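Treat the numbers as computed from the prediction; the structure is a model and nothing was measured. Here is the naming used below: chain letters follow the sequence lines, and residue numbers restart at 1 for every chain.
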Protein chains: 2
Amino acid sequence: MSRAVDVARLIGDRSRATILAMLADGPHCVCEFATALGARENNVSNHLARLRQAGLVRSTRHEANGRLQYYERDEAAVEAARTALSTLLR
Amino acid sequence: MSRAVDVARLIGDRSRATILAMLADGPHCVCEFATALGARENNVSNHLARLRQAGLVRSTRHEANGRLQYYERDEAAVEAARTALSTLLR
DNA sequence: TTGACCCATCAGCCGCTGCTGACATATCCT
DNA sequence: AGGATATGTCAGCAGCGGCTGATGGGTCAA
């Protein structure tokens, strides 16, 4: 229950919500989020750090271009978050 | 999508989350929420006003004791909120 | 190696939000 | 009518959280 509240507080931000929605169709780098959101890289990086601390996303370096930090969703954690929110509204 | 963010922001508060969870098993009055949360009536009333403005709950007067304002969930709206959050994490 | 690029971290500021205290309103009881 | 109970509303305050600017690290190309 407290977990569901924390997840809801994370999603209750448009930037983080769109980040999670963008990650539905595969990994993206920080700069892509920044251009899509109209925000700066450090701001996006802060949001991603929150999501990463919550275990919802992982970060890996791109194999071709090592300067790019690619983020992908932890599908198991996202699915657990979905069920937690769903049971909260049961 | 913006709707899901608004709902998530509402649920991202422990008081409102527990209120919605308590409303799963039937209507309750403001004083019951206040004692369960350890909060004051005006504070709970403020949270209920938010939930009411979002269309998630309705308020009706008790037929026996008209001083009591009973709150119940709008099941259709709650179900819509559940699906909105679920599709956001799809 | 030097520079450019991409990202992370930190301190600081500012706006939003929840809580509180005071007051108003509505209903019931005597 | 008058008091008690239950709830709503409002201004004010304190704390949290997001955005920014600056700085540093890590990677690649020339």
Side-chain angles (χ1 to χ4, degrees), chain A residues 1-2 4-23 26-73, chain B residues 1-2 4-23 26-73:
Chain A
M1 146 89 184
S2 178
V5 174
D6 295 342
V7 171
R9 185 170 306 183
L10 281 178
I11 302 178
D13 181 279
R14 282 177 174 78
S15 302
R16 290 190 289 263
T18 50
I19 285 175
L20 284 176
M22 285 178 66
L23 287 176
H28 292 284
C29 62
V30 179
C31 56
E32 289 173 323
F33 295 129
T35 56
L37 295 171
R40 308 201 171 178
E41 281 85 359
N42 53 1
N43 183 16
V44 174
S45 182
N46 184 26
H47 286 306
L48 287 167
R50 299 271 189 112
L51 295 172
R52 192 179 39 193
Q53 188 176 0
L56 294 177
V57 301
R58 278 188 301 262
S59 65
T60 58
R61 289 206 175 270
H62 196 251
E63 60 273 8
N65 188 358
R67 284 179 293 195
L68 298 177
Q69 194 84 12
Y70 264 62
Y71 279 82
E72 61 182 358
R73 299 203 315 193
Chain B
M1 146 87 182
S2 179
V5 173
D6 294 341
V7 171
R9 186 169 306 185
L10 280 178
I11 302 179
D13 181 279
R14 283 178 174 75
S15 300
R16 289 190 290 261
T18 50
I19 285 173
L20 284 177
M22 285 179 66
L23 286 177
H28 292 284
C29 63
V30 179
C31 56
E32 290 173 324
F33 295 129
T35 57
L37 295 171
R40 308 202 172 178
E41 281 84 359
N42 54 0
N43 182 17
V44 174
S45 182
N46 184 25
H47 286 306
L48 287 168
R50 300 268 190 114
L51 294 173
R52 192 179 38 193
Q53 188 176 359
L56 294 176
V57 300
R58 278 188 301 262
S59 65
T60 58
R61 290 205 174 271
H62 197 250
E63 59 273 9
N65 188 358
R67 285 178 294 194
L68 298 177
Q69 195 84 12
Y70 265 63
Y71 279 83
E72 60 183 357
R73 299 204 314 195

So, is [X] near the phosphate of [N], with a side-chain N or O under 4.0 Å from OP1 or OP2?
X	N	value
A/Arg50	D/dG18	yes
B/Arg61	D/dT7	no
A/Arg52	C/dT9	yes
A/His62	D/dC28	no

Using the side chain to side chain contact (heavy atoms under 4.5 Å, CB included) rule, take A/His62 and A/Cys29 through it: C-alpha gap first, then chi angles, then the decisive distance, then the call.
CA-CA 9 Å; A/His62 196 251; A/Cys29 62; over 6 Å; no
In this structure, how many angstroms lie between the [atom2] atom of [N] and the [atom1] atom of [X], rounded?
X	N	atom1	atom2	answer
A/Glu32	C/dC7	CD	P	9 Å
B/Asn65	D/dT5	CG	P	12 Å
A/Asp6	D/dC16	CG	P	15 Å
A/Tyr70	C/dC7	OH	P	9 Å
A/Phe33	D/dC19	CZ	C1'	19 Å
A/Leu51	D/dG18	CG	P	10 Å
B/Gln53	D/dT9	CD	C1'	14 Å
A/Leu68	D/dG26	CG	C1'	12 Å

Does the side chain of [Y] come within less than 4.5 Å of [X]'s, by heavy atoms?
X	Y	value
B/Phe33	B/Leu48	yes
A/Val57	A/Leu20	yes
B/Leu23	B/Ile19	yes

Looking at [options], which one has an atom nearest to any side-chain atom of [X]?
X	options	value
B/Cys29	D/dT7, C/dG18, C/dA4	D/dT7
A/Arg40	C/dC7, D/dG21, D/dG26	D/dG21
B/Val30	D/dG18, C/dC19, D/dT7	D/dT7
A/Gln69	C/dA8, C/dC28, C/dT20	C/dA8
A/Ser45	D/dA4, C/dC7, C/dA8	C/dA8
B/Asn43	D/dA4, C/dT20, C/dC7	C/dT20

For A/Arg14, report the nucleic acid contact type (base, sugar-phosphate, nothing); a contact means any heavy atom under 4.0 Å.
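Nothing: the residue A/Arg14, judged by heavy atoms under 4.0 Å, touches no strand.
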For B/Tyr71, answer base if it contacts any base atom (sugar-phosphate contacts may also be present), sugar-phosphate if it contacts only those atoms, and nothing otherwise; contact means non-hydrogen atoms under 4.0 Å.
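Touches sugar-phosphate only.
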In terms of the nearest nucleotide of DNA chain D, which residue is placed more toward the 5' end: A/Asn46 or A/Ala64?
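Checking each residue's closest nucleotide, the 5'-ward one belongs to A/Asn46.
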With nearest nucleotide decided by heavy atoms, which residue, B/Ala49 or A/Arg67, maps closer to the 5′ end of DNA chain D?
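Of the two residues, B/Ala49 wins.
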When you measure from the side chain of B/His47 to the backbone N and O of B/Ser15, does any donor-acceptor pair fall under 3.5 Å?
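No, B/His47 side chain to B/Ser15 backbone: no donor-acceptor pair under 3.5 Å.
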Looking at the base of C/dG21, is there any donor atom on it, or on the side chain of B/Asn42, that sits under 3.5 Å from an acceptor on the other one?
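By the distance-only test, yes, there is a pair.
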Atom of A/Arg14, atom of B/Ser2 and distance for their closest heavy-atom approach
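Taking A/Arg14 first and B/Ser2 second, the nearest heavy atoms are NH2-OG, 3.2 Å.
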